[in-house]
Amino acid sequence: MRVRFAPSPTGYLHIGNARTAVINYLIAKKNNAEYIIRIEDTDRERSTKESEISILNDLKWLGINWTEGPDIDKGHGPYRQSERDEIYREYTDKLIKSGSAFRCFCTREQVEEDKNKAMAENKPFLDRCRHRSLEEQDKLAAEGKEFTVKFKVPENEAITFDDKIKGTVTFNSSNIGGDFIIVRSDGGPVYNYIVSIDDALMEVTHVIRGEDHLSNTPKQMLIAKALGLPQPEYAHLPLILGFDKKKLSKRHGITSVDIYKQEGYLPEALMNYLGLLGWSTESGEELLEFDKLVDLFDITHIGKSPAVFDFQKLKWMNGNYMKKYPVEQLTDMLTPYIDEAGFSTSAIERSRLEGIIAILRNSCEILSDIKNLIGIFLNDINEPDEDTDAHLKEDYALDIIRIAAEVINEVNETTYTSDFIAKIKEKSPHKGKKLFHPIRAMVTGRLSGPDLDMAMPYIGYENLKKRVDYAHKRYC
RNA sequence: GUCCCCGUCGUCUAGGGGUCUAGGACAUCGGGUUUUCAUCCCGGUAACAGGGGUUCGAAUCCCCUCGGGGAUGCCA
């Protein structure tokens with residue numbers, strides 16, 4: 001069994017494509033199959049080397065290890081379509097000579113007009129160049145007339161295939177839009193054409209791709225048939241949608257795998273989420289590490305309907321994967337984000353850093369969450385956010401601030417951790433929420449956060465005093 | 001327009017004629033723990049797109065409508 005992922009290097013790795021890559025990978029792993037990467041860079045205008053590199057990097061980061069690709073040629077290369085022109089040219093000649101394809105010299109306007117006419121009459125579009133003889137075509141071409149090469153679609157022929165996800169799908173050849181371009185006027189071959197050739201030549205046995213390719217499948221089958229090439233099995237994955245049920249795009253949130261990486265999502269969480277999207281396990285278990293995911297995966301379990309991408313659930317999953325790491329390792333993972341927040345981790349004692357992270361870790365769902373939390377410990381003073389500010393203006397909060405301002409001078413470096421809160425409690429007319437919430441707000445600058453008793457030792461007496469004094473000055 | 005695909009809680013899904021007063025997860029709400037918030041534990045709200053059939057019986061089969069998506073000459 002051989003599967004492939006064929007990205008087009010015209011941008012970053014999109015989360016929807018990543019899903020396709022992941023599903024292919026699960027299948028490959030499950031069946032011990034070869035996993036081929038093929039770069040579909042036939043769009044010369046938009047394809048870039050940088051984007052090929054970034055896509056490949058993102059795939060690696062996700063944990064996908066291909067067995068064949070641009071960097072690993074096992075005799076089926078080249079693995080970039082831009083390097084396979086000779087191969088395609090040969091097939092194109094073959095198709096033209098056999099009459100399965102023809103050169104079309106019509107202008108865009110002419111074709112548009114003909115198409116509209118056919119559409120209006122509800123008849124299949126037949127290209128006006130499709131009957132030209134080879135000699136005639138040669139003559140026109142020799143005259144220097146611009147042409148495209150088109151595949152001659154047979155009339156009224158049933159095209160059926162058994163899609164592994166969608167079931168049996170049938171098209172009528174008269175209904176797929178008529179003769180279609182396989183080579184552009186600039187000589188560049190078109191996706192729908194060479195995908196058939198490459199899949200066959202690379203001996204791909206199972207084509208698993210997005211549903212947006214479903215309507216292209218009959219064209220590709222026709223090509224393979226005309227060329228006498230083998231047909232792969234097909235499976236079309238339902239699309240991933242945004243919250244408004246429209247195809248997932250930038251306005252729905254993050255769609256670039258690279259950004260997920262930057263924001264501190266873990267590759268194993270993304271793998272889990274993407275791999276599980278569209279189906280569920282028998283037990284209902286959802287937190288599945290890679291091996292288990294592979295073990296339980298079965299493409300026939302994937303549903304037929306599109307799925308809305310649930311960012312919250314991904315975060316939930318990510319938080320769960322973060323919990324699996326020991327503090328030491330998690331600290332290493334978090335360090336870049338703490339630095340990014342403007343603190344110099346290299347200047348902080350390691351044991352102190354790990355102690356802080358042990359306290360903060362449960363409040364994080366993604367690595368970058370630490371950026372908003374770490375200031376609780378590392379800042380001298382934390383400016384209260386809007387809600388906290390409002391809270392600190394309450395009468396009971398003001399009482400607590402005044403008391404704290406006294407108490408802070410009654411404790412010292414060594415006693416504050418146990419006595420600061422205790423003494424406030426003694427003097428306070430308030431208890432419960434009206435006691436602890438103001439303390440939290442005053443000390444951390446926010447309404448929620450880690451357990452105060454746990455946090456105190458890591459805040460330090462000096463900073464505590466600064467914060468109390470600041471609050472006293474600001475609010476009283 | 002035409003062709004193809006799809007339609008169960010807000011979201012991901014289980015369920016393939018009776019065991020469905022429709023199950024699980026995320027989110028949400030409530031309770032408990034925490035002398036505070038969060039975490040954690042427990043519990044609740046919430047769905048078969050609509051209409052016709054077939055059948056003793058339909059979320060499950062068929063048809064229509066509606067809705068969404070995709071393809072339909074030089075994106076993949």
Side-chain angles (χ1 to χ4, degrees), chain A residues 6-10 17 40-43 45-47 81 104 106 108 111-112 114-116 118-125 127 148-150 163 165-167 169-172 174-186 188-192 194-195 209-219 236 238-239 241 243-247 273 276-287 301 303-317 319 323 361-363 391 421 425 430-441 444 446-453:
Chain A
S8 142
T10 54
N17 293 129
E40 309 216 316
D41 52 354
T42 52
D43 187 336
E45 305 284 305
R46 297 195 301 146
S47 296
Q81 292 185 323
C104 171
C106 297
R108 291 171 197 249
V111 175
E112 193 179 342
D114 291 351
K115 282 225 164 181
N116 288 338
M119 197 186 285
E121 293 171 2
N122 206 353
K123 288 199 298 199
F125 163 75
D127 199 275
T148 61
V149 181
K150 284 179 173 171
D163 191 282
I165 292 173
K166 298 292 186 179
V169 182
T170 304
F171 289 83
N172 183 302
S174 294
N175 245 330
I176 59 173
D179 301 337
F180 58 91
I181 294 182
I182 58 176
V183 179
R184 301 183 178 93
S185 47
D186 67 1
V190 164
Y191 164 77
N192 267 133
I194 59 179
V195 69
R209 70 217 315 192
E211 189 177 354
D212 43 343
H213 290 288
L214 193 59
S215 315
N216 291 149
T217 307
K219 295 179 187 174
H236 288 93
L239 263 23
L241 310 177
F243 50 81
D244 56 359
K245 307 247 183 191
K246 303 286 183 196
K247 192 170 175 177
Y273 183 74
L276 193 61
L277 193 58
W279 62 287
S280 67
T281 60
E282 222 170 301
S283 66
E285 205 181 347
E286 310 204 81
L287 261 11
H301 289 155
K304 298 179 175 186
S305 51
V308 171
F309 192 88
D310 188 342
F311 293 90
Q312 295 201 95
K313 192 153 186 173
L314 204 211
K315 278 199 174 189
W316 166 77
M317 261 188 191
K323 287 184 181 130
R361 60 179 304 164
N362 279 340
S363 306
H391 180 265
I421 293 177
K425 195 168 74 180
H430 311 293
K431 56 182 182 177
K433 189 168 182 165
K434 289 187 174 179
L435 167 64
F436 276 79
H437 232 168
I439 297 178
R440 168 182 299 290
T444 69
R446 64 200 74 200
L447 259 16
S448 71
D451 183 89
L452 284 176
D453 287 330

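Below, chains carry the letters A, B, ... as their sequence lines are ordered, and counting in each starts from 1.
B:A47 and B:A22 have their P atoms separated by 9 Å, given to the nearest Å. Between the C1' atoms of B:A49 and B:A38, the separation comes to 40 Å (whole Å). Here, B:G15 and B:C4 have their P atoms 28 Å apart, quoted to the whole Å. Taking the C1' atoms as reference points, B:U2 lies 33 Å from B:A58, given to the whole Å. Taking the P atom of each, B:A59 and B:U8 are spaced 15 Å apart, rounded to whole Å. Taking the P atoms as reference points, B:U65 lies 28 Å from B:C56, given to the whole Å. Only the C1' atoms considered, B:A27 is 15 Å distant from B:U13, to the nearest whole Å. Straight-line distance between the C1' atoms of B:G10 and B:G31: roughly 23 Å, to the nearest whole Å.
Within the 4.0 angstrom heavy-atom criterion, only backbone atoms of the sugar-phosphate kind lie near A:S280; the bases stay farther away. Residue A:G278 is in sugar-phosphate contact alone, with no base atom involved, counting any heavy-atom pair closer than 4.0 Å across all strands shown. Heavy atoms of A:D43 sit under 4.0 angstrom from primed sugar atoms or phosphate atoms, though from no base atom. Across all strands, A:K246 comes closer than 4.0 Å only to sugar-phosphate atoms, never to a base (heavy-atom distances).
Judged purely by atom type and a 3.5 angstrom limit, A:R184 has no side-chain atom pairing as donor or acceptor with the backbone of A:T148.
At least one side-chain heavy atom of A:V195 sits less than 4.5 Å from a side-chain heavy atom of A:E40. A heavy-atom distance below 4.5 Å is not found between the side chains of A:Y191 and A:D43. Side-chain contact check for A:K245 versus A:V308: some heavy-atom pair is nearer than 4.5 Å. Looking at heavy atoms from C-beta onward, A:F309 lies in side-chain contact with A:L314 at the 4.5 angstrom threshold. Between A:S305 and A:P238 the shortest side-chain heavy-atom distance does not fall below 4.5 Å. Considering only heavy atoms from C-beta on, A:V169 stays 4.5 Å or farther from A:T217 through its side chain.
Put simply, CE on A:M317 is 14 Å from C1' on B:A27, counting in whole angstrom units. Summarising the geometry, the separation between NZ on A:K433 and P on B:U34 is reported as 16 Å, rounded to the nearest angstrom. Rounded to whole Å, the distance from CD1 on A:I182 to C1' on B:U72 is 18 Å. Taking atom NZ of A:K150 as the reference point, atom C1' of B:U72 lies 13 Å away to the nearest angstrom. One can place CH2 of A:W279 at 14 Å from C1' of B:A25, the figure rounded to the nearest angstrom. Rounded to an integer number of Å, the gap from NZ of A:K247 to P of B:G67 is 22 Å. Taking atom CD on A:E112 and atom C1' on B:C74, their separation rounds to 13 Å, with Å as the unit. Between A:I439 atom CD1 and B:U36 atom P the separation is 12 Å, expressed in whole Å.
B:A59: no Watson-Crick or G-U partner with both key distances under 3.5 Å is found in any strand. Of the nucleotides present, none pairs with B:G16 by Watson-Crick or G-U wobble criteria with both distances under 3.5 Å. Remark: B:C9 base-pairs with no nucleotide in the shown strands. Criterion, Watson-Crick or G-U wobble with two distances under 3.5 Å. Base pairing of B:U34: no nucleotide in any strand meets the Watson-Crick or G-U wobble criterion (both distances under 3.5 Å). The partner of B:G1, taking Watson-Crick or G-U wobble pairs whose two distances both stay under 3.5 Å, is B:U72. With a cut-off of 3.5 Å on both Watson-Crick or G-U wobble distances, the partner of B:G44 is given as B:U28.
Of the candidate nucleotides B:C26, B:A71, B:C74, B:C26 has the atom lying nearest to any side-chain atom of A:W316. The listed nucleotides are B:U36, B:U72, B:C74; the one nearest the side chain of A:K219 is B:U72.
Regarding contacts with the backbone of B:A38, every side-chain N or O of A:R361 stays at 4.0 angstrom or more from both OP1 and OP2. For B:C75, one of the phosphate oxygens OP1 or OP2 lies less than 4.0 angstrom from a side-chain nitrogen or oxygen of A:R184. Contact between the side-chain N/O atoms of A:K323 and the OP1/OP2 oxygens of B:C40 is found at a separation under 4.0 Å.
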Next item on the list: Might you work through the side-chain hydrogen bond (donor to acceptor under 3.5 Å, both in side chains) test for A:R108 and A:S185, ending with a clear yes or no?
Entry: CA-CA 11 Å; A:R108 291 171 197 249; A:S185 47; 4.7 Å; no
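Each of A:G303 and A:P450 has a nearest nucleotide on RNA chain B; the 5'-most of these lies closest to A:G303. In terms of position on RNA chain B, the residue among A:Y191 and A:D127 whose nearest nucleotide sits closer to the 5' end is A:D127.
Partner A:H236 forms a side chain to side chain donor-acceptor pair (under 3.5 Å) with one of A:K304, A:R209, A:E211 and no other, that one being A:R209.
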Check: For nucleotides 2-11 of chain B, read 5' to 3', which letter fits each nucleotide if B means a protein heavy atom sits under 4.0 Å from the base, S means only the sugar-phosphate is that close, and - means neither?
Finding: SSSBSS---B
